[in-house]
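A short worksheet on the structure shown next.
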Amino acid sequence: MTAEIIDGKKVAADIREQLKAQAEKFSQDGKGKPGLAVIIVGERKDSQTYVRLKHKAAHECGFESFQIELPADVTQADLEAKVQECNWNKDIHGLIVQLPLPKHLDEVALTKIAAEKDVDGLGPANIAALYTRGTTPLSYPCTPKGIIALLEASGTPLEGARAAVIGRSNIVGLPVANMLMEKNATVTICHSRTPDVAAVTRECDIIVAAAGSAGLVKDHFVKPGATIIDVGTNCVDDPSKKLGYRTVGDVDFEACKEVAGKITPVPGGVGPMTIAMLLSNTLDSFKRSIGA
């Protein structure tokens, strides 16, 4: 048996087309456009690349896009003042501060983003709502939201499923575990102190690998027919590549695809979904702002 490949690029492209159609309709009706702002501090090449991708995607979906560049030596007070300025700007419906920040700055600045504009879904109000039964965040964290969307698009049943989440980060592991429980899955979180991860995952219908360890999940970790979502992005040496390395996930893809029922590739799986969900959250914020 060879697993069905869950094509994150296609799922993300379909979502972005839907977002574009909605944004165009609002604009044609005179309701305005969703606005996404990204604050970037300093000149890190990788951060600049990520920001360009976000702005490109926003423009392609018919959103307004604001890139706010601050010098690497900006003070904490000035960074937080810029965040507050964006909070007050009615043309901005989604606001993110690109990480990492220079070492002299505290990420507490992110907590100053207004909850209704926190489209990363990682601010204190949204996280508190995520972890409190009976409450719903204004925005769900983007990568976990993308994981759930991939599972649903692939037709993987969530209600009653047993799921293993490998990794307990605040950005992916913990939020996606809670979101799977919201869908009535039974979830086990595995981490570096879990004695026998494979013994847990072999019993599960869904594996979400988000440990940041290249090739951690081997074929003997996998229950036949299970769905695997690989969140890992790891660089391994590869002299045959132009840059001298290649990107791999947390899953041994070639081995696991012979056991799993469905599996995401790296790249081309979860990655494209993160920006799509960022735009989805921004559109939702815009719709709230106009009462739609």
Side-chain angles (χ1 to χ4, degrees), residues 7-13 15-17 19-20 34-74 79 82-83 86 92-105 107 109-110 113 117-122 139 141-147 149-150 169-172 210 212-214 230-250 264-283:
D7 187 347
K9 288 182 179 179
K10 182 181 185 305
V11 176
I15 290 170
R16 284 162 61 167
E17 280 300 313
L19 298 175
K20 180 180 179 181
L36 174 64
V38 182
I39 297 175
I40 181 171
V41 180
E43 298 180 352
R44 280 181 61 116
K45 297 297 183 186
D46 56 347
S47 291
Q48 290 176 333
T49 297
Y50 296 142
V51 170
R52 279 196 300 271
L53 289 172
K54 290 166 185 172
H55 284 290
K56 180 175 182 289
H59 281 301
E60 289 174 350
C61 287
F63 290 21
E64 294 287 358
S65 184
F66 306 89
Q67 182 168 329
I68 300 160
E69 300 179 356
L70 299 177
D73 61 354
V74 69
L79 171 59
K82 183 59 69 174
V83 168
C86 292
I92 294 173
H93 307 97
L95 172 61
I96 62 175
V97 176
Q98 184 66 40
L99 299 178
L101 292 171
K103 291 182 179 179
H104 72 282
L105 294 175
E107 290 183 11
L110 278 67
I113 298 173
K117 298 189 179 188
D118 170 32
V119 290
D120 257 345
L122 296 171
S139 292
C142 296
T143 299
K145 184 177 178 180
I147 292 167
L150 282 176
S169 73
N170 289 328
I171 295 174
V172 180
S213 178
D230 190 351
V231 188
T233 304
N234 309 287
C235 295
V236 297
D237 292 338
D238 187 342
S240 70
K241 300 295 183 181
K242 183 177 179 181
L243 295 176
Y245 66 87
R246 59 191 170 89
T247 303
V248 301
D250 288 356
T264 59
V266 175
V270 174
M273 296 296 293
T274 299
I275 291 179
M277 295 301 104
L278 177 68
L279 297 175
S280 174
N281 285 346
T282 301
L283 181 63

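Being a predicted model, the structure only gives us computed values, none of them experimental.
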Query raised in the report: Is it true that D7 and K9 have a side-chain N and a carboxylate O under 4.0 angstrom from each other?
Result: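 Salt bridge between D7 and K9, a charged N being under 4.0 Å from a carboxylate O: no.
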Decide yes or no for [X] and [Y]: does some side-chain heavy atom of the first lie under 4.5 Å from some side-chain heavy atom of the second?
X: L95; Y: D118; answer: no
X: D120; Y: S139; answer: no
X: M273; Y: I147; answer: no
X: I68; Y: C86; answer: yes
X: P100; Y: S47; answer: yes

Query raised in the report: Distance-only, no hydrogens or angles: does the T264 side chain make a donor-acceptor pair with backbone N or O of D230 under 3.5 Å?
Result: yes
Query raised in the report: With distance as the sole test, does H104 use its side chain to make a donor-acceptor pair with the main-chain N or O of V74 at under 3.5 Å?
Result: yes
Requested in this report: Could I get the full list of side chain to side chain donor-acceptor pair (under 3.5 Å) partners for N281, not counting sequence neighbours?
Outcome: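 N281 satisfies side chain to side chain donor-acceptor pair (under 3.5 Å) with K145 once adjacent residues are dropped.
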Report task. Could I get the full list of salt bridge (Lys or Arg N to Asp or Glu O under 4.0 Å) partners for E60, not counting sequence neighbours? Result ->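 Counting only residues at least two positions away or on another chain, E60 forms a salt bridge (Lys or Arg N to Asp or Glu O under 4.0 Å) with R16, K56.
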Which value, rounded to the nearest 0.5 Å, describes the distance between [X] atom [atom1] and [Y] atom [atom2]?
X: L279; Y: C61; atom1: CG; atom2: SG; value: 5.0 Å
X: K117; Y: L36; atom1: NZ; atom2: CG; value: 11.5 Å
X: L99; Y: R44; atom1: CG; atom2: CZ; value: 10.0 Å
X: I15; Y: M277; atom1: CD1; atom2: CE; value: 3.5 Å
X: L70; Y: I40; atom1: CG; atom2: CD1; value: 9.5 Å
X: I275; Y: Y50; atom1: CD1; atom2: OH; value: 10.0 Å

Requested in this report: Before giving the answer on side-chain contact (heavy atoms from CB on, under 4.5 Å), spell out for V231 and T143 the whole-Å C-alpha distance, their side-chain angles and the decisive distance to 0.1 Å.
Outcome: CA-CA 9 Å; V231 188; T143 299; 4.1 Å; yes
Query raised in the report: Would L79 and L105 satisfy side-chain contact (heavy atoms from CB on, under 4.5 Å), going step by step from the backbone distance to the final call?
Result: CA-CA 9 Å; L79 171 59; L105 294 175; 4.0 Å; yes
Report task. Answer yes or no: are there more than 12 heavy-atom neighbours, outside N170 itself, under 6.0 Å from its atom CG? Result -> no
Report task. Go through the side-chain N and O atoms of Q98 and K54 and say whether any donor and acceptor fall under 3.5 Å apart. Result -> yes
**Report entry** Partners passing side chain to side chain contact (heavy atoms under 4.5 Å, CB included) against D237 (at least two apart in sequence or in another chain)
**Finding:** none
